[in-house]
Amino acid sequence: MTQALAYESNAIVELMGVLPADRDEEWLKNALQQAIMVEIATIGPYSSALWSIRESSGPVYDDIRVVIFDEMSHMGLVCNMLTTIGGSPILADPKVVPKYEHPLPGGVRPELIVFLEGLNKASVEMFSEIERPDNPVAQSETFTTIGAFYTAVQEAFEAHQHLIRGTRQVDFPMSRHGQGNDIVPLDTIEKVRDAIEVIKEQGEGTSASPENPFPGKPGELAHFYVFRELFHGRKLIKVSESPDVWDFTGEEVPLPPAHPMGRVPLGGWANDEHNAPTPEVQQALDAFNTQFSSMLRALERAWQTDDPSTATSEVWSAVSHMMQMGPAARALMALELPDGSGKTYGPEFLYTEAPAT
């Protein structure tokens, strides 16, 4: 069983501090559990922004929706990486479920506070910081990134190829949301390499181009650049060649009208003395949290079973719960906060235990 590493820890920092020669099977299992937690941490903020858009259509809505499906695919691929070496993903446990407002898990990018809020300039700036590459083609800053962590994971796989057993692999088609998005069995080092390439380059692009090498449609950008376009309000275009130079000087990209969902306090709205939920609001919050928690439990069960058909059924169950999360979130965004700010409630993404049977 994979060690249940706490969300509020410096685990990734500590794992990256281990010398490559000492990164053994236990190191790899713990690193993959942390990677799963990072992927899940993005779902809440991105989905809150998506559901806040008043019209469930349009280019910005479609772009964010594609990113969310990519992240779900990445989570599934990392779960397959963990089970292929004999580990068991932990998803439905209060210790590993995302915390908002809070840094990402494991101490990666500790200066970056991840929060739940509607679509606005602050939220898309935060999204792009989550996805920031080591060397953005349109900016000069560099930081330690999630991509660097995945590089270390790949290096550990290369050193311990004998651990790959192909056990408890979920096979779930998602290519309709983009090339490389299928959750596929990872029973060889070549397949593991391909999966890590998809995860890194869909999020960051390549060192030479901001475009997603595994797009759902031609010209689709990697996640970082999708969000930078929304922040700058302009399309990213190539402004010169040899060498290629890109800048945000293309057509306007206006943010669509969105519900003014307020920022959820750490631990949920009950911790906001000015906006403590009424029984009616609490019921709506509980309805969302129940669907979110049920989704996590279904996903965890999918990677616990040895029966492929049961695993597929559990993933479909998780999809069903996620489909119900959208309407539940929008119902919350119709409820105005009592503090007079003009903002609304929004989903908390709090984990609740399954009712006793």
Side-chain angles (χ1 to χ4, degrees), residues 1-46 70-72 74-85 87-115 126-135 141-160 163 192 195-204 223-224 266 296 300 303 349 351:
M1 175 67 71
T2 306
Q3 181 183 353
L5 300 171
Y7 191 91
E8 299 171 289
S9 75
N10 288 318
I12 291 177
V13 174
E14 293 168 6
L15 288 164
M16 292 293 280
V18 175
L19 293 173
D22 296 327
R23 293 174 182 174
D24 56 9
E25 179 178 354
E26 182 182 6
W27 184 96
L28 189 52
K29 287 179 177 178
N30 287 333
L32 291 169
Q33 174 65 41
Q34 285 290 317
I36 291 165
M37 291 157 61
V38 169
E39 298 296 345
I40 292 177
T42 67
I43 303 301
Y46 297 174
D70 286 351
E71 298 297 346
M72 293 300 289
H74 298 172
M75 184 277 300
L77 289 171
V78 181
C79 285
N80 272 355
M81 291 181 208
L82 182 51
T83 54
T84 202
I85 63 170
S88 294
I90 298 171
L91 304 171
D93 186 310
K95 295 189 294 293
V96 304
V97 171
K99 309 289 189 294
Y100 311 105
E101 304 173 277
H102 197 276
L104 289 166
V108 66
R109 300 293 306 279
E111 79 288 354
L112 175 61
I113 303 300
V114 180
F115 53 84
M126 180 259 292
F127 300 163
S128 57
E129 287 300 319
I130 292 173
E131 303 283 356
R132 180 177 285 276
D134 289 314
N135 296 289
E141 300 95 336
T142 60
F143 299 86
T144 301
T145 66
I146 295 168
F149 182 50
Y150 273 112
T151 296
V153 167
Q154 181 172 343
E155 290 170 351
F157 264 110
E158 298 287 353
H160 301 289
L163 296 175
V192 170
I196 293 176
E197 180 185 17
V198 167
I199 292 169
K200 290 179 63 177
E201 295 189 355
Q202 279 188 332
E204 301 182 356
H223 303 171
F224 173 74
L266 180 64
L296 292 179
E300 185 173 272
W303 274 274
F349 287 86
Y351 182 74

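These numbers come from the heavy atoms of this one structure, side chains and all, not from hydrogens, waters or symmetry mates.
Looking at every heavy atom in both residues, Leu91 comes nearest to Val96 through O-CG2, 4.0 Å. Closest non-hydrogen pair, Pro45 versus Phe127, comes out as O-CZ, 3.3 Å. Across all non-hydrogen atoms, the minimal contact from Leu104 to Val108 is CB-CG1, 3.7 Å. Leu32 approaches Val78 most closely through the heavy-atom pair O-CG1, 3.5 Å. Asn10 and Gly107 get closest at one heavy-atom pair: OD1-CA, 3.7 Å. Nearest heavy atoms, Tyr46 versus Ile130: OH-CG2, 3.7 Å.
Rounded to the nearest 0.5 angstrom, Glu25 CD and Asn30 CG are separated by 10.5 Å. Distance check: Phe149 CZ to Ile12 CD1 gives 4.5 Å after rounding to the nearest 0.5 Å. For the atom pair Phe115 CZ and His102 NE2, the distance stands at 15.0 Å (nearest 0.5 Å). Between atom CD of residue Glu8 and atom NZ of residue Lys99 there is a gap of 5.0 Å, rounded to the nearest 0.5 Å. A distance of 11.0 Å separates CG in Leu77 from CD1 in Ile36, rounded to the nearest 0.5 Å.
Residues passing the side chain to side chain contact (heavy atoms under 4.5 Å, CB included) test with Ala156 are Trp27, Leu28, sequence neighbours excluded. Remark: Tyr100 pairs with no residue by the side chain to side chain donor-acceptor pair (under 3.5 Å) rule, at least two apart or across chains. Not counting sequence neighbours, Glu14 has no partner by the side chain to side chain donor-acceptor pair (under 3.5 Å) test. Considering only residues two or more places apart in sequence or on other chains, Phe157 meets the ring pair (Phe, Tyr, Trp, His ring centres under 6.0 Å) condition with none of them. Remark: Glu101 engages Arg263 in a salt bridge (charged side-chain N to carboxylate O under 4.0 Å, His left out) (not counting sequence neighbours). Applying the side chain to side chain contact (heavy atoms under 4.5 Å, CB included) test to Glu155 and every residue at least two apart in sequence or in another chain returns Arg23, Thr151. With sequence neighbours excluded, no residue satisfies side chain to side chain donor-acceptor pair (under 3.5 Å) with Thr42. For the side chain to side chain donor-acceptor pair (under 3.5 Å) test, no residue two or more places apart in sequence or in another chain qualifies with His160. Remark: Pro94 engages Tyr351, Glu353 in a side chain to side chain contact (heavy atoms under 4.5 Å, CB included) (not counting sequence neighbours). Residues satisfying the side chain to side chain contact (heavy atoms under 4.5 Å, CB included) criterion with Glu39, sequence neighbours excluded, are Glu71, His74, Met75, Tyr150, Ile199.
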Discussion item. For a side-chain contact (heavy atoms from CB on, under 4.5 Å) check, start with the C-alpha distance between Ile43 and Met72, then their side-chain angles and the critical distance, and finish with the verdict.
Written reply: CA-CA 8 Å; Ile43 303 301; Met72 293 300 289; 3.5 Å; yes
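With contacts defined as side-chain heavy-atom distances shorter than 4.5 Å, the pair Arg109/Pro103 does not qualify.
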